[in-house]
Amino acid sequence: MLDINYVRENQPKVRAAIKHKNADVDLDRLLILDEKRRQLMADIERRRGEQNRAGEDIARETDPREKQAAIDKMREFKDGLKEAEELLEPVQQEFNSLLLDLPNVPLDDVPVGADESDNEVLRSWGEPKKFDFEIKDHTELGETAGLLNFQRAAEVAGSRFVYVLGDLARMQYALMQYALNLLTDRDEIGRIVSEAGLDLPDTPFVPVVPPLMIRPEVLGRMARLEPRDERYHMESDDLYLIGSAEHTLGPLHMDQLLKEADLPLRYVACTAAFRREAGSYGRDTRGIIRQHQFDKIEMETFCLPERSREEQDLLVAVQERFLRDLEIPYRVMNVCTGDMGKPDARQIDMECWMPGQGKYRETHSADLMTDYQSRRLSTRVKRNDGSVQYVHMNDATALAMGRTLVAIMENGQRADGKINVPKVLIPLMKGLETIG
RNA sequence: GGAGAGGUGGCCGAGUGGUCGAAGGCGACGGUCUCGAAAACCGUUAUAUCUGCAAGGGUAUCGAGGGUUCGAAUCCCUCCCUCUCCGCCA
């Protein structure tokens, strides 16, 4: 959520954010309510002040008759206070809900645009490979070789589920191992930081196995409860299945006051993510691009406000390092206002070349949330000068398993139907150089 | 799932109806001492919000939300969490 003081003082920026992010919030209504709310609060606080002072007098009063008279007077006073409080309540409620609806304000250099088609290519790496044989998509490759079984998964769990089998499953575990090894290695992080020209500490990532279920109120504090029809909800326990490890990594420090020396805090987790894909019935019905359940290695970091932009650049640099190691052609996208998430101030996506589909597809996202999530989570940092600020939060994909396997399979396919294993994974797969 | 005990400031911990934002300790910060450090001693040390140019002042906050009361950290109710014992269990 945004700071109401910021909203009040930066109305043009907030108004632009609402418009450019295609949000639907009545800012004028919010500002009127804010004004009204503060008036009512001033009245209530004045009344409470009088009450407190009168209460002290009662406590001090020694004459029993005087005391009783004062108490009788206070009894009447109470009703006036209660009336004033009842006046405030509905105003405060509507104010709260409008404030929560406001999206984060994009950084100044975020491209303004309506949708995906307005995203900017920042840079690209690798060339889409030319094949001298008839190529297959990952579905065909996987089914033919017995690495993917959609049929059985559909019978067992429904559409958009899959069994990943044999050496392809082995490859997924190898990917997890490879990513985890790299992210927890201080030297590797230091190298990535310096190669990217960043001025950041080489703090390695702390591996985490987080809960896969989350309470609605916490998901709300992460600003991820909506859209609800995208989330799996377990009614009998009022719990949601996480749509990303972000959902339970982000609240790791809620209601906590950190020290400046604690930051940055960097975490990595490999978890399943659950999505209903309610709004995309016709899209990507073939293959494992869009599943109800997929495994993903996720990075979540907490840092000082003035470092958060560079911290995001670090996470992007990590993503690029992974894709280069895996020899997958990719491009880096500067996501425009209309396509970015509500809590994001800046969003960078990776798109990998998928030969089976003949186009680049999104595989990674790096989200800079600034203090939008930490304000509601109440994750703060006590600075060395004694001041207290909300930390800035970054969240980014390290590797989304399904889509990464698709990219490896389709880019690494050979004429004989076998798939080349990226060199970095070979040692982690008992020396296997091809699968299929 | 059953029974019991608890949740207080950055941390530990006292406080069972009245000038309590809350004793004491630790930590942190500033100072004295020292060549410097440690120790010792002195002092400072919550957050949010409103108001004010500022100094300051008001209000709220003792797990969360309701209630009783002139007045609640303290009493009552609901919920959340932690711990102990029992049961069940990978």
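Keep in mind the model is a prediction, meaning the values are calculated, not measured. Below, read A as the first sequence line, B as the second, and so on, with proteins coming before strands; counting in each chain starts at 1.
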Participant: Please report the distance, rounded to the nearest Å, between CD in A/Glu85 and C1' in B/U59.
Facilitator: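 The distance from CD of A/Glu85 to C1' of B/U59 comes to 12 Å, rounded to the nearest Å.
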Participant: I'd like the C1' distance from B/C75 over to B/C86, given in whole Å.
Facilitator: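 Straight-line distance between the two C1' atoms is 32 Å.
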Participant: Can a salt bridge be assigned to the pair A/Arg191 and A/Glu188 using a cut-off of 4.0 Å between side-chain N and carboxylate O?
Facilitator: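 A salt bridge is present here (some side-chain N lies under 4.0 Å from a carboxylate O).
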Participant: Please report the distance separating the C1' of B/U49 from the corresponding atom of B/A40, rounded so that it comes out in whole Å.
Facilitator: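 It comes out at 42 Å once rounded to the nearest Å.
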Participant: Aromatic ring centroids of A/Tyr267 and A/His253 under 6.0 Å?
Facilitator: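 Yes: the rings meet the under 6.0 Å criterion.
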Participant: Quote, to the nearest angstrom, the P distance that separates B/G17 from B/A72.
Facilitator: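 It comes out at 14 Å once rounded to the nearest Å.
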Participant: Would you mind building the protein contact string for nucleotides 47-56 of chain B? One character per nucleotide, 5' to 3', B for base within reach (heavy atoms under 4.0 Å), S for sugar-phosphate only, - for untouched.
Facilitator: S--SS-----
Participant: Which nucleotide, if any, forms a Watson-Crick or G-U wobble pair with B/G56, using both distances under 3.5 Å?
Facilitator: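 When the pairing criteria are applied, B/U51 turns out to be the nucleotide that pairs with B/G56.
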Participant: Please give the nucleotide sitting opposite B/A38 as a Watson-Crick or G-U wobble pair, both distances under 3.5 Å, or none.
Facilitator: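 WC or wobble partner does not exist here.
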Participant: Should the pair A/Arg231 and A/Tyr240 be classed as cation-pi, given the thresholds of under 6.0 Å to the six-membered ring centre and 45° from the axis?
Facilitator: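 Checked: cation-pi criterion not met.
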Participant: Quick one, give me the B/S/- string for nucleotides 67-83 of chain B, reading 5' to 3', where B means a protein heavy atom under 4.0 Å from the base and S means that only happens at the primed atoms, P, OP1 or OP2.
Facilitator: --BBS--------SS--
Participant: Please report, rounded to the nearest Å, how far the P atom of B/C11 is from the CG atom of A/Asp262.
Facilitator: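 The answer, rounded to whole Å, is 12 Å.
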Participant: Let me know the distance between CD of A/Glu50 and C1' of B/G57, rounded to the nearest Å.
Facilitator: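 Interatomic distance, CD of A/Glu50 to C1' of B/G57: 15 Å.
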Participant: Considering Watson-Crick and G-U wobble pairs with both distances under 3.5 Å, what does B/G9 pair with?
Facilitator: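 B/G9 is unpaired by these criteria.
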Participant: Which value, in whole Å, describes the distance between the P atoms of nucleotides B/U19 and B/G10?
Facilitator: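 Looking at atom P only, B/U19 and B/G10 are 23 Å apart.
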Participant: If the threshold is 4.0 Å, N to carboxylate O, is there a salt bridge linking A/Glu94 and A/Arg29?
Facilitator: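 Judged by the 4.0 Å cut-off on N to carboxylate O distance, A/Glu94 and A/Arg29 do form a salt bridge.
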Participant: For A/Arg48 and B/U61, give me the distance from atom CZ to atom C1', rounded to whole Å.
Facilitator: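 Going from A/Arg48 (CZ) to B/U61 (C1'), I get 11 Å.
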Participant: Counting only Watson-Crick or G-U wobble pairs whose two distances fall under 3.5 Å, which nucleotide matches B/U74?
Facilitator: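 Its partner: none found.
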Participant: With P as the reference atom in both, quote the distance from B/U16 to B/G4 in angstrom, rounded to an integer.
Facilitator: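 The same atom, P, in both gives a distance of 24 Å.
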Participant: Just checking, any donor-acceptor pair under 3.5 angstrom between side chains of A/Asn96 and A/Gln92?
Facilitator: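 There is such a pair between these side chains.
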Participant: When rounded to the nearest Å, what value does the distance between C1' atoms of B/C33 and B/G43 take?
Facilitator: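 About 15 Å, rounded to a whole number of Å.
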Participant: Any idea which of B/G18, B/A60, B/U19 is nearest the A/Arg60 side chain?
Facilitator: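 For the A/Arg60 side chain, the nearest candidate turns out to be B/U19.
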Participant: Hey, is A/Asp137 close enough to A/Arg286 for a salt bridge, meaning N to O under 4.0 Å?
Facilitator: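 The answer is yes: the pair qualifies as a salt bridge.
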Participant: What distance separates A/Phe294 CZ from A/Leu405 CG, expressed to the nearest 0.5 Å?
Facilitator: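 The CG atom of A/Leu405 is 13.0 Å from CZ of A/Phe294, to the nearest 0.5 Å.
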Participant: Can a donor-acceptor pair be found between the side chains of A/Thr337 and A/His20 at a distance below 3.5 Å?
Facilitator: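 Distance-only check fails for A/Thr337 and A/His20.
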Participant: Under a 4.0 Å threshold between the charged nitrogen and the carboxylate oxygen, would A/Asp313 count as salt-bridged to A/Arg346?
Facilitator: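 Between A/Asp313 and A/Arg346 there is a salt bridge, with a charged N closer than 4.0 Å to a carboxylate O.
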Participant: My understanding is that only one of A/Ile348, A/Asp109, A/Asn119 makes a side-chain contact (heavy atoms from CB on, under 4.5 Å) with A/Asn334; could you say which?
Facilitator: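 Checked A/Ile348, A/Asp109, A/Asn119 against A/Asn334; only one passes side-chain contact (heavy atoms from CB on, under 4.5 Å): A/Ile348.
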Participant: RNA chain B: A/Lys259 or A/Asn52, which has the more 5' nearest nucleotide?
Facilitator: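 Between the two, 5'-proximity favours A/Lys259.
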Participant: State the pairing partner of B/C29; accept Watson-Crick or G-U wobble contacts with both distances under 3.5 Å, and report none otherwise.
Facilitator: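 Answer to the pairing question: B/G43, which forms a Watson-Crick or G-U pair with B/C29.
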Participant: Any salt bridge linking A/Glu76 with A/Lys73? Criterion: basic side-chain nitrogen under 4.0 Å from a carboxylate oxygen.
Facilitator: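 The answer is no: the pair does not qualify as a salt bridge.
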Participant: Taking atom P in both B/G21 and B/U61, compute the distance separating them and give it to the nearest angstrom.
Facilitator: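 The same atom, P, in both gives a distance of 10 Å.
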Participant: Within this structure, what is the CG-to-P distance between A/Asp255 and B/A64, rounded to whole angstrom?
Facilitator: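 Computing the A/Asp255:CG to B/A64:P distance gives 9 Å.
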Participant: Roughly how far apart, to the nearest Å, are B/C11 and B/U47 at atom P?
Facilitator: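 To the nearest whole Å, 13 Å.
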Participant: Can you check the A/Glu260 CD to B/A28 P distance for me, whole Å?
Facilitator: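 Distance check: A/Glu260 CD to B/A28 P gives 16 Å.
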Participant: Under 3.5 Å for both donor-acceptor distances, Watson-Crick or wobble: does B/C85 have a partner, and if so which one?
Facilitator: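 The answer is B/G2, by the H-bond criterion.
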